[in-house]
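Here's the structure, in structure tokens; my notes come after.
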Number of protein chains: 2
Amino acid sequence: MAKLFHEYKNPSLAVDLVIFGYHDNTLSVLLLNRKEEPFKDCWTLPGGFLQMEETFLGTCYRILKTKTGMDDVFLEQLYSFDNPGRDPRGRVIAVGYYALINPARFNIIAGSMANDVKWFDVHKMPKLGFDHRDIFQLALQRLKSKILYDPVGFELLDELFTITELHELYECILETTIDRRNFRRKILDAEYVINTGTKREGLQNRHPELYKFNKKLKKNSFQINVNVS
Amino acid sequence: MAKLFHEYKNPSLAVDLVIFGYHDNTLSVLLLNRKEEPFKDCWTLPGGFLQMEETFLGTCYRILKTKTGMDDVFLEQLYSFDNPGRDPRGRVIAVGYYALINPARFNIIAGSMANDVKWFDVHKMPKLGFDHRDIFQLALQRLKSKILYDPVGFELLDELFTITELHELYECILETTIDRRNFRRKILDAEYVINTGTKREGLQNRHPELYKFNKKLKKNSFQINVNVS
DNA sequence: CCAAAAGTGTTCGGGGTACACCCATGG
DNA sequence: CCATGGGTGTACCCCGAACACTTTTGG
């Protein structure tokens with residue numbers, strides 16, 4: 001055996017991140033404005049190349065850390081994208097991941113690669129470079145179906161939250177209305193959340209109870225039903 | 001810019017296939033017995049390296065064609081596997097795909113890379129090389145959840161099939177019993193199938209009606225419910 | 001006539017949906 | 001005391017689950 005494997009020509013491997021954040025009843029995605037060609041001055045998903053020794057998650061955290069200052073977030077692999085024309089520099093395969101974060105926890109910083117880092121409402125996305133629109137759309141679709149049966153919504157909220165806040169989050173992501181009382185019953189019956197006994201103070205009306213996520217809860221132990229349109 | 005992208009060191013990219021076939025009330029997976037190191041004489045999933053100009057599906061079809069003589073089958077991307085130790089030859093990323101085929105349609109041939117090509121009952125799998133057991137298990141899990149809401153079962157059957165055959169397929173894959181009458185009603189109500197008006201001949205009992213898949217049927221237009229264990 | 005599998009309808013119960021009133025708080 | 005949003009209970013209906021008898025065919 002003459003050559004080592006990596007000495008053959010191989011496509012490059014990039015990891016691209018769809019970072020979802022939720023704030024003010026708005027679901028947003030974090031985009032970078034590129035300082036370099038290709039797609040200079042275009043908005044793109046944060047991404048980076050996989051290093052030889054790195055895992056995908058390793059790359060994800062490197063991107064999150066250096067470009068946005070984040071760590072310890074929910075990450076899930078989305079899909080791998082192989083369109084031969086997706087990167088004008090050559091053959092690049094992209095492994096898409098999506099992240100769910102609470103923007104309040106982090107100070108977003110513009111890294112060295114980007115002019116600017118900004119949250120965009122998922123309904124007001126700019127034109128994206130590469131095939132990032134495809135990646136974004138798949139991620140959004142995945143998130144929408146995932147929150148129906150997997151308790152991931154809390155990743156986007158503060159550690160303590162009210163049922164109403166969780167309810168609004170679901171309505172925002174699913175773009176529909178959900179009966180408030182039925183939602184509450186289902187979430188409580190499924191033990192999605194644990195009542196902390198504390199209340200949110202300082203409001204001009206009744207103080208809602210604060211809950212935290214029940215970490216023992218398993219996937220598929222509840223099911224939110226929505227009119228599929 | 002001095003170097004072209006692919007001249008940097010990159011991990012190799014392999015595509016590994018979990019090929020499901022159904023026959024005699026048994027769900028099987030096609031495995032190759034390797035002629036070469038690593039994992040010489042071990043059973044593995046069919047796979048191959050992505051060529052620079054190739055798409056993932058291109059690689060899939062190349063593998064299917066050269067190793068098994070198949071084409072025109074259902075293929076879906078499963079997941080990408082990045083465990084740094086998964087291939088003893090060096091850093092190899094694997095993109096997993098799974099295929100659903102009707103074994104009756106093809107003559108399986110042992111290609112030049114393999115000692116042997118064989119179907120294995122999913123419940124009687126041998127020890128697999130690389131991380132192929134992980135890939136296989138994820139594929140099986142995906143198939144089990146997919147047939148509940150996406151009409152893919154027919155991919156494993158002949159073009160014309162009876163409701164009973166479809167019913168047995170579901171019971172076999174899901175490893176459970178499903179009420180025959182409720183299943184039939186649900187499949188017919190959802191217009192999963194179209195009655196061809198012909199009947200299966202030559203049986204010693206009542207001749208069942210033959211159906212074909214309704215190609216207009218969309219995902220999520222039905223839902224099989226099963227006791228989740 | 002018998003064995004074997006195909007085909008068909010009805011009943012019952014649980015869960016999902018729809019819906020309205022009282023409560024707590026700050027101003 | 002009023003405005004605002006939080007918290008709670010019930011009735012109905014639909015869908016899913018359970019279930020048994022008749023029909024067709026070959027031998």
Side-chain angles (χ1 to χ4, degrees), chain A residues 24-25 147-149 153 157-158 160-172 174 176-212 220-229, chain B residues 24-25 145 147-149 153 157-158 160-172 174-212 220-229:
Chain A
D24 282 344
N25 226 333
I147 56 164
L148 299 179
Y149 61 87
L157 299 174
D158 293 337
L160 299 185
F161 52 88
T162 66
I163 302 277
T164 300
E165 285 161 5
L166 188 63
H167 178 234
E168 286 172 344
L169 171 66
Y170 270 77
E171 290 194 333
C172 174
L174 295 170
T176 184
T177 56
I178 304 173
D179 184 87
R180 191 166 61 92
R181 287 155 291 189
N182 294 336
F183 179 82
R184 168 181 295 264
R185 180 177 31 249
K186 192 168 271 188
I187 291 295
L188 291 175
D189 287 353
E191 301 179 77
Y192 188 121
V193 291
I194 299 168
N195 193 326
T196 62
T198 59
K199 292 170 192 289
R200 173 141 295 158
E201 306 290 339
L203 303 177
Q204 293 196 345
N205 42 31
R206 182 168 179 169
H207 293 177
E209 298 182 325
L210 287 169
Y211 293 81
K212 61 181 179 183
N220 289 320
S221 50
F222 72 102
Q223 170 75 42
I224 304 288
N225 297 299
V226 169
N227 294 345
V228 182
S229 59
Chain B
D24 281 345
N25 226 333
S145 53
I147 57 164
L148 299 179
Y149 62 87
L157 299 174
D158 293 337
L160 300 184
F161 52 87
T162 66
I163 302 278
T164 299
E165 285 161 3
L166 188 64
H167 177 235
E168 286 171 344
L169 171 67
Y170 271 78
E171 290 195 332
C172 174
L174 296 170
E175 299 178 74
T176 186
T177 56
I178 304 172
D179 184 86
R180 192 165 61 89
R181 287 154 291 186
N182 293 337
F183 180 82
R184 169 183 295 266
R185 178 177 33 250
K186 193 168 270 188
I187 292 295
L188 291 174
D189 287 354
E191 302 180 77
Y192 188 123
V193 291
I194 300 168
N195 192 325
T196 62
T198 58
K199 291 170 192 289
R200 173 140 297 156
E201 307 289 339
L203 303 177
Q204 293 196 345
N205 43 32
R206 183 168 179 168
H207 292 178
E209 297 182 327
L210 286 168
Y211 293 81
K212 61 182 179 184
N220 290 321
S221 51
F222 71 103
Q223 169 76 41
I224 303 289
N225 296 300
V226 170
N227 293 346
V228 182
S229 60

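This one's a predicted model, so the numbers in the text were calculated from it and none came from an experiment. Just so we're on the same page: letters track the sequence lines, and every chain starts at 1. Side chains are part of it too, since the values below use all heavy atoms of this structure and drop only hydrogens, waters and symmetry mates.
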Of all pairs that satisfy salt bridge (Lys or Arg N to Asp or Glu O under 4.0 Å), the ones with a partner from residues 186-195 of chain A, not counting sequence neighbours:
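Residue pairs with at least one partner in residues 186-195 of chain A: there are none.
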Would you please name every residue forming a side chain to side chain donor-acceptor pair (under 3.5 Å) with R206(B), sequence neighbours left out?
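For R206(B), no residue satisfies side chain to side chain donor-acceptor pair (under 3.5 Å) once neighbours in sequence are set aside.
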If the condition is side chain to side chain donor-acceptor pair (under 3.5 Å), which residues does R181(A) pass it with, not counting sequence neighbours?
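So R181(A) forms no side chain to side chain donor-acceptor pair (under 3.5 Å) with any residue.
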Kindly state whether the ring of Y192(B) and the ring of F222(B) have centres lying under 6.0 angstrom apart.
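That pair passes the under 6.0 Å test.
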For the ring pair Y170(A) and F183(A), is the centre-to-centre distance below 6.0 Å?
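Between F183(A) and Y170(A), which both carry aromatic rings, the centre distance is below 6.0 Å.
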Heavy-atom closest contact (K212(B) atom, L160(B) atom, distance)
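Heavy atoms of K212(B) and L160(B) come nearest at CB-CD2, 3.9 Å.
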Check the interface with nucleotides 7-17 of chain C: list each N/O to N/O pair with the protein under 3.5 Å, or write none.
{"residue": "dG7(C)", "atom": "OP1", "partner": "E209(B)", "partner atom": "N", "Å": "2.7"}
{"residue": "dG7(C)", "atom": "OP2", "partner": "R184(B)", "partner atom": "NH1", "Å": "3.4"}
{"residue": "dG7(C)", "atom": "OP2", "partner": "R184(B)", "partner atom": "NH2", "Å": "2.7"}
{"residue": "dG7(C)", "atom": "N7", "partner": "R180(B)", "partner atom": "NH1", "Å": "3.0"}
{"residue": "dG7(C)", "atom": "O6", "partner": "R180(B)", "partner atom": "NH2", "Å": "2.8"}

Under 4.0 Å from any heavy atom of chain B: name the first and the last nucleotide of DNA chain D that qualifies, 5' to 3'.
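That gives a stretch of dG16(D) to dG27(D).
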Checking T176(A) now: which residues fulfil side chain to side chain contact (heavy atoms under 4.5 Å, CB included) with it, not counting sequence neighbours?
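Testing T176(A) for side chain to side chain contact (heavy atoms under 4.5 Å, CB included), a comparison that skips the adjacent residues, returns L174(A), I178(A), V226(A).
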